[in-house]
Amino acid sequence: MPATITAISHFLPSDIIDNSYFEKYLDTSDEWIIARTGIKERRFLKEGATSDLIVPAAQKLFKDYNINPEEIDTIIVATVTPDHMFPNTAAVVQHKLGMKNVWGFDISAACSGFLFALRTACSLVESGTSKKVLLCGADKMTSIMDLNDRATAVLFGDGAGVCLIEMSDDPNMGLIDHILHIDGDGGRYLKQIAGGSFKPASHETVDNKEHYIFQDGQNVFKAAVKGMADVSVEIMERNNLTHEDIAYLVPHQANLRIISATADRMGLNPEKVMINIQKFGNTTAATIPICLSEWYSQGKIKKGDNIVLSGFGAGFTWGAILLRWNMNQRGLI
Ligand code: ACO
């Protein structure tokens, strides 16, 4: 029996930063940002850490679905902006939410973090190790952004998506298939150079701005277009699905051009593609669960819908997951 998402929620900070914010002090323009990325606005968390994005999303989840947090036995946090290198953010979230009966850990896979963590959470449930997993994809990207670097400052935002993973009540619904990859050769194109054991923090690393996101955008772009489209088509084909069978593609929201290339290769019409990059930018591990939460809360996802989640990020990490949606188990809509 597969595991499945049985509840979903998200949180975005209230501070909206539109492209005119950057036009005031960077050599950039609203036109360039929209044409090259599709982004119009993003949200910045002024105070607090990644756990402060997760906690309100989790509290909303518990309230909306009448979940008793004491029944949750596992917390997984996908993030590249943990509150600390250690302790893990899962422990910080546990403490802030006052949850008593849990263990948990963080997963680092950048923009593929939610996909990797979803597969892991479902495996824990399917093996009987866990019954109820609080799965969180969250990043405070502003904590590692150089706001003076026009090549990266305009791309990212802060946000969190959380969901509950439990055993499905139907053998044909839930997480049906996955294709996940890593290739460390891509590490040179997208990384946080310093702050780990490779290059611990020093005056030099701070002076050289090596704690900020480093990205060779063009090389990442080329790899992302191919990587996301390849796995999305592969997961369709090996499950004998045509574009007509797919209700939605939920792509990682890094660049509208990457999303469009993936949707085109899959033969999907625009209305079958979840896109909110224009409002929130790239929130890294949070983009996919935020999309799912938004669309589900608007009543746009039905039980039985085939949904392909697809992402690409630093590592390189990339992959696709086929979900057959099984909510109504909790009857939100
Ligand atoms: N405003 C104006 N000009 C800019 C800006 C800006 N904000 N940023 C860069 N430029 C300039 C460059 O300096 C360059 O100028 P030049 O031709 O004089 O040298 C020109 O625009 C073109 O730059 P490119 O980097 O080639 O622009 P590109 O079209 O590739 O777009 C972008 C850049 C948006 C970053 C794109 O490469 C991209 O989306 N890459 C992939 C991002 C991604 O998927 N990342 C993975 C997930 S993130 C994660 O895992 C944490």
Side-chain angles (χ1 to χ4, degrees), residues 17-42 50 78-82 107-117 137-159 180-193 195 211-232 251-262 275 277-278 280-288 290-291 309-319:
I17 308 295
D18 66 18
N19 292 340
S20 68
Y21 170 88
F22 298 104
E23 284 181 320
K24 285 182 199 135
Y25 71 97
L26 290 176
D27 181 13
T28 191
S29 66
D30 184 43
E31 293 74 25
W32 190 96
I33 301 168
I34 292 173
R36 305 311 291 166
T37 71
I39 300 166
K40 295 180 182 164
E41 298 171 353
R42 68 290 287 149
T50 294
T79 189
V80 285
T81 52
I107 284 183
S108 169
C111 297
S112 310
F114 185 77
L115 300 181
F116 284 33
D139 272 295
K140 187 189 179 190
M141 294 307 286
T142 48
S143 67
I144 56 168
M145 273 160 54
D146 179 358
L147 288 176
N148 293 311
D149 174 10
R150 68 177 184 175
T152 50
V154 302
L155 303 177
F156 295 95
D158 303 328
L180 300 172
H181 294 291
I182 55 172
D183 178 3
D185 189 43
R188 61 197 147 134
Y189 302 123
L190 181 51
K191 61 165 77 174
Q192 187 180 18
I193 294 165
H211 299 272
Y212 292 132
I213 300 160
F214 165 82
Q215 177 168 257
D216 171 347
Q218 278 194 9
N219 272 305
V220 179
F221 185 87
K222 281 184 228 154
V225 165
K226 180 166 175 7
M228 261 176 70
D230 282 354
V231 288
S232 304
H252 170 56
Q253 313 278 311
N255 188 313
L256 191 54
R257 291 180 290 146
I258 300 173
I259 295 171
S260 301
T262 303
I275 297 171
I277 189 172
Q278 72 282 4
F280 308 133
N282 181 352
T283 56
T284 303
T287 66
I288 290 175
I290 291 172
C291 276
L309 317 180
S310 179
F312 189 96
F316 290 139
T317 55
W318 73 106

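Counting starts at 1 for both ligands and their atoms, following the listed order. Since the model is a prediction, treat every value here as computed from it, not as a measurement.
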Heavy-atom pairs closer than 4.0 Å: do any link ligand 1 to the side chain of L190, the backbone, both, or neither? side chain

Please classify the I258 to ligand 1 contact at 4.0 Å (heavy-atom distances, strictly less than): side chain, backbone, both or neither. side chain

Given that the side chain starts at C-beta and the backbone is N, CA, C, O, which of these parts of T37 lies under 4.0 Å from ligand 1, counting heavy atoms, or is it both or neither? side chain

So if I count the atoms of ligand 1 from 1 in the order they appear, which ones are less than 4.0 Å from some heavy atom of A110? 50 (O)

Can you list the residues that meet the side chain to side chain contact (heavy atoms under 4.5 Å, CB included) rule with N219, with sequence neighbours excluded? Y189, D216, K222

Heavy-atom pairs closer than 4.0 Å: do any link ligand 1 to the side chain of F221, the backbone, both, or neither? both

Which bit of V80 gets closer than 4.0 Å to ligand 1, counting heavy atoms only: side chain, backbone, both or neither? neither

Using a strict cut-off of less than 4.0 Å between a Lys/Arg side-chain nitrogen and an Asp/Glu carboxylate oxygen, indicate whether K40 and D18 qualify as a salt bridge. no

Looking at H252, R257, M141, the heavy atom closest to atom 28 (P) of ligand 1 belongs to R257

Could you name the option among S29, C111, A314 that has the heavy atom nearest to atom 51 (C) of ligand 1? C111

Which is closest to atom 35 (C) of ligand 1 in terms of heavy atoms, Q215, M228, K191? Q215

Contact region, F22 to ligand 1, non-hydrogen atoms below 4.0 Å, reads neither

